[in-house]
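Structure record follows, encoded as structure tokens.
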There are 2 protein chains.
Amino acid sequence: MLKEDYPEGYQSLFAVFNAIHPLSDELKSAIVNHSHVVNIKRKTTLLNAGESSNTIYFIVSGGARVYYLDNDGKQTNTWFLFEQELLISVYGFFTGQPSFEYIETLEDSVLIAVKREKLDEMYLQFMEFNFIGRKLTEYYYIRNEIQANELRMLSAKERYETLLKRSPQLFQRVSLGHIASYLGISQETLSRIRK
Amino acid sequence: MLKEDYPEGYQSLFAVFNAIHPLSDELKSAIVNHSHVVNIKRKTTLLNAGESSNTIYFIVSGGARVYYLDNDGKQTNTWFLFEQELLISVYGFFTGQPSFEYIETLEDSVLIAVKREKLDEMYLQFMEFNFIGRKLTEYYYIRNEIQANELRMLSAKERYETLLKRSPQLFQRVSLGHIASYLGISQETLSRIRK
DNA sequence: TTATTTTTTTGACTTTTATCAAAAGTCAAA
DNA sequence: TTTGACTTTTGATAAAAGTCAAAAAAATAA
């Protein structure tokens with residue numbers, strides 16, 4: 001199969017995976033055969049709380065947020081994810097338990113979707129795929145850990161400044177209300193901090 | 001090699017790994033040859049902030065805590081780990097960056113220590129070892145995620161009640177001061193909550 | 001046992017951030 | 001260019017949890 005023959009979007013996914021561990025042609029084919037490309041409008045819910053989270057998405061273009069509802073029914077964002085990133089509700093996908101999180105697109109998006117059972121098949125058939133899976137899990141784990149530590153260690157103002165410095169583009173793509181909830185502060189407090 | 005011939009402590013480690021994916025004798029031997037057993041007194045520092053975190057420990061017996069110092073020099077515990085659990089500073093070990101965390105034993109402990117380069121060798125030599133590594137990374141990731149979400153979603157009192165219900169034994173082995181910092185509340189507030 | 005260190009509790013006060021209510025600004029479409 | 005739906009800002013007040021200082025209790029060592 002020629003490079004150009006893989007369906008649109010897969011080059012981006014293969015590039016990410018290949019940078020971690022070389023992908024054999026067999027594995028590439030298996031990935032194509034065990035997944036499908038989907039086009040999703042913005043503000044579409046991909047996962048509801050209570051549902052089983054059995055799909056992992058690779059974002060070819062666009063972006064999404066992961067959030068949960070707190071006791072008072074208020075949304076709290078835990079992740080914003082964009083091109084070349086993986087999109088799941090970690091807890092639901094890894095444990096198989098019903099999700100407490102929601103996933104919603106922030107923009108019109110092109111995603112590559114893989115069902116968990118297909119992914120598990122590939123993990124068993126291609127042991128080297130576990131090398132990639134392990135590295136990616138470590139990568140997102142670290143991101144999660146950094147975020148969790150910042151929520152602990154830093155004041156509201158410091159969290160805002162850290163995020164602004166690290167991800168200035170985020171402020172172009174996501175509303176301040178969403179960012180406030182991601183930073184664990186009320187929208188009003190964020191507004192005051194920004195002055 | 002007979003089962004009984006593996007050095008003391010490894011049966012416990014093999015049992016944990018084997019429950020995830022069958023371990024070949026070759027892999028078992030490699031693990032024994034690439035690690036060593038260490039006896040550590042309580043309150044011993046295994047890792048200091050600023051150092052490179054290049055060792056992963058399996059706890060055969062005993063326990064340890066992972067903590068960092070905040071701006072004011074106050075210790076904040078992020079993990080308590082005991083028998084049959086893995087002990088690392090996640091950020092430092094996975095990124096290779098200098099650690100911002102400290103690791104200290106809570107009790108006299110027996111640990112199996114593996115250097116990162118030895119671990120990486122085994123990951124390359126035994127691709128099925130990545131299956132185990134991936135699953136373990138997922139498992140600790142989920143624990144981290146649950147903890148981070150509880151810090152976000154729950155009030156100080158709710159966090160205390162959740163921990164007390166889930167890990168009552170923890171309160172037998174760890175001081176309230178340590179637990180308060182783990183829960184992200186001051187010792188005084190924890191004391192008031194407990195009344 | 002007694003002394004010493006460490007841990008836990010209590011009281012008074014402060015700080016940070018949330019909440020509620022309302023005004024102002026922005027954007028897109030009719 | 002006006003309507004309507006969000007989004008962001010502002011002001012006043014409240015709640016949650018922190019800080020500081022000191023006492024009390026418990027654990028450990030001499």
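The sequence lines fix the lettering, A, B, ..., with proteins before strands; numbering per chain opens at 1. Below, all heavy atoms of this structure are taken into account, side chains as well, without hydrogens, waters or symmetry copies.
Contacts of B:Glu128 classified as side-chain contact (heavy atoms from CB on, under 4.5 Å), with partners at least two apart in sequence or in another chain: A:Met127, B:His21, B:Ser24, B:Leu27, B:Phe126.
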Residues A:Thr55, A:Val114; criterion side-chain contact (heavy atoms from CB on, under 4.5 Å); working and verdict:
CA-CA 6 Å; A:Thr55 308; A:Val114 184; 5.9 Å; no

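Look at CZ on A:Phe171: it is 16 Å from P on D:dT7, rounded to the nearest Å. One can place CZ of B:Arg42 at 10 Å from C1' of D:dA27, the figure rounded to the nearest angstrom. Remark: P of D:dT7 and CZ of A:Arg194 are 15 Å apart, rounded to the nearest angstrom. Atom NZ of A:Lys195 is separated from atom P of C:dT17 by 16 Å (rounded to the nearest Å). Rounded to whole Å, the distance from OH on A:Tyr160 to C1' on D:dT8 is 13 Å.
Hydrophobic cluster of A:Tyr102: the remaining members, joined at side-chain heavy-atom separations below 4.5 Å, are A:Tyr67, A:Leu69, listed by chain and number. Members clustered with B:Leu176: B:Phe80, B:Phe82, B:Leu106, B:Tyr160, B:Leu163, B:Leu164, B:Leu170, B:Phe171, B:Val174, B:Ile179, B:Tyr182, B:Leu183, B:Ile185, B:Leu190, B:Ile193, by chain and number, using a 4.5 Å side-chain heavy-atom cutoff among hydrophobic residues.
Between B:Glu83 and B:Arg173 there is a salt bridge, with a side-chain nitrogen of the basic residue lying less than 4.0 Å from a carboxylate oxygen of the acidic one.
Under 3.5 Å, the side chains of B:Gln84 and B:Ser12 contain a donor-acceptor pair of N or O atoms. Counting only N and O atoms by type, the side chains of B:Gln187 and B:Arg192 include no donor and acceptor under 3.5 Å apart. A side-chain donor from one of B:Ser35 and B:Tyr10 sits under 3.5 Å from a side-chain acceptor of the other. Counting only N and O atoms by type, the side chains of B:Ser181 and B:Gln75 include no donor and acceptor under 3.5 Å apart.
Within 6.0 Å of the CD atom in B:Glu8, the count of heavy atoms belonging to other residues, nucleotides or ligands does not exceed 12.
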Indicate for each nucleotide in nucleotides 15-26 of chain D, in 5' to 3' sequence, whether protein heavy atoms under 4.0 Å reach the base (B), only the sugar-phosphate (S), or nothing (-).
--SBBBB-----

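Judged by a 6.0 Å distance limit and a 45° cone about the ring axis, A:Lys28 is positioned over the six-membered ring of A:Phe14.
Overall, the helix from C:dT1-D:dA30 to C:dA30-D:dT1 carries an axis bend of 40° between its ends, with five pairs at each end and the value rounded to 10°.
B:Ser175 comes within 4.0 angstrom of the backbone, heavy atoms only, and of no base.
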When you compare the protein's N or O atoms with those of nucleotides 28-30 of chain C, which come within less than 3.5 Å of each other, and at what distance?
none

